[in-house]
Amino acid sequence: FIVGSTTEEAVMFVDFVFAALPTLQYEAIVYGFFLADGREILREYPPSRNRAQRPVAVQLFTDYLFSCPARRMLRNAARRSDNNLWLYVFDHAPSEKAWPRFLSCCDGHVCHATDIFFEFQSLKLTDYYNYTQEEELLIDSMAYYYGNFART
């Protein structure tokens with residue numbers, strides 16, 4: 001059983017919902033989502049010192065919607081004595097612009113599904129992206145790991 005996430009899963013979601021995210025609005029969103037736990041969440045994900053709160057919101061919602069549920073799922077599977085469990089966190093942003101124009105917010109970030117560009121080499125099907133040598137090595141390594149996983 002393999003499950004994974006990227007380091008900035010929530011970039012596109014935060015970008016689509018918030019053109020700007022000042023501190024007061026960020027804090028209101030945290031209290032709105034987490035109610036009585038809002039204060040504790042703000043201690044863990046405090047507003048940044050500058051006025052733009054989108055990066056901290058991205059980290060909060062990446063953890064809340066993707067990273068924590070992935071770990072929780074694996075812990076539950078482990079309790080059922082399943083010992084063939086794998087978790088990955090993908091942290092490589094594409095070296096070139098890989099996203100369509102309407103997702104340009106993801107350029108330079110490791111957005112939701114960025115790992116798929118490398119797991120399945122899907123950018124090779126385009127005529128606008130060239131993998132770097134380092135990315136080719138990453139692709140080969142991932143294919144090796146996935147192949148070993150499939151054989152187990």
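These numbers come from a predicted model, not from an experiment.
Within the structure, salt bridge (charged side-chain N to carboxylate O under 4.0 Å, His left out) contacts touching residues 57-74 (residues at least two apart or in different chains) do not occur. For residues 4-33, the pairs satisfying salt bridge (charged side-chain N to carboxylate O under 4.0 Å, His left out) are D15-R54, with sequence neighbours left out. Pairs engaging residues 36-59 under the ring-ring contact (aromatic ring centres under 6.0 Å, His included) rule: none recorded [sequence neighbours left out]. Counting only residues at least two apart or in different chains, disulfide bond (SG atoms under 2.5 Å apart) contacts with residues 109-152 comprise C106-C111. The salt bridge (charged side-chain N to carboxylate O under 4.0 Å, His left out) pairs that include a residue from residues 129-152 are K124-E136, where partners are two or more places apart or lie in different chains. For residues 28-43, there are no side chain to side chain donor-acceptor pair (under 3.5 Å) pairs, not counting sequence neighbours.
By the 4.5 Å heavy-atom criterion applied to side chains, F16 and L103 are counted as neighbours. Side-chain contact between V89 and T7: present, with at least one pair of heavy atoms (C-beta onward) separated by less than 4.5 Å. P94 places a side-chain heavy atom less than 4.5 Å from the side chain of T114. In this structure, F33 and L60 have side chains that are not in contact, with every pair of non-hydrogen atoms separated by 4.5 Å or more. Inter-residue side-chain proximity for H112 and F13 is flagged as met; some heavy-atom pair is nearer than 4.5 Å. Residues Y146 and I2 form a side-chain contact, since some pair of their non-hydrogen atoms from C-beta on lies under 4.5 Å apart. For the pair F61 and I29, the minimum side-chain heavy-atom distance is below 4.5 Å.
Residue F1 is not grouped with residue Y145 when hydrophobic side chains (ILVMFWY) are merged at heavy-atom distances under 4.5 angstrom, including chains of intermediate members. By the rule that hydrophobic residues join a cluster once side-chain heavy atoms approach within less than 4.5 Å of another member, M12 and V17 end up as members of one cluster. A single hydrophobic cluster is not seen to contain both L24 and F34; linkage of ILVMFWY side chains at heavy-atom distances under 4.5 Å, directly or through other members, places them apart. Linking ILVMFWY side-chain heavy atoms closer than 4.5 Å, directly or via other members, places I116 and F66 in two distinct hydrophobic clusters. A chain of hydrophobic side-chain contacts below 4.5 Å, direct or via other Ile, Leu, Val, Met, Phe, Trp or Tyr residues, connects V14 to F102.
When all heavy atoms are compared, the tightest approach of L42 to Y26 is CD2-CE2, 3.6 Å. Scanning both residues, T23 and P47, for their nearest heavy atoms gives CG2-CB, 3.8 Å. Of all heavy-atom pairs between Y129 and K97, the closest is CD1-O, 3.8 Å. Here the closest non-hydrogen pair linking A77 and L85 is CB-CD2, 3.7 Å. For S95 against T132, the heavy-atom pair with the smallest separation is OG-CG2, 3.2 Å. Shortest non-hydrogen contact noted between T6 and V110 is OG1-O, 2.9 Å.
T62 contributes a side-chain N or O that, together with a main-chain N or O of A10, makes up a donor-acceptor pair within less than 3.5 Å.
Under the side-chain hydrogen bond (donor to acceptor under 3.5 Å, both in side chains) criterion, Y88 pairs with D115, E119, not counting sequence neighbours. Remark: Y128 engages no residue in a side-chain hydrogen bond (donor to acceptor under 3.5 Å, both in side chains) (not counting sequence neighbours). For H109, there are no ring-ring contact (aromatic ring centres under 6.0 Å, His included) partners two or more places apart in sequence or in a different chain. Legend: residues meeting ring-ring contact (aromatic ring centres under 6.0 Å, His included) with F117, ordered by chain and number and at least two apart, are W99. Residues passing the side chain to side chain contact (heavy atoms under 4.5 Å, CB included) test with S104 are D107, sequence neighbours excluded.
F118 and Y131 have their aromatic ring centers within a separation under 6.0 angstrom.
Alongside L137, the hydrophobic cluster contains no other residue (criterion: ILVMFWY side chains under 4.5 Å).
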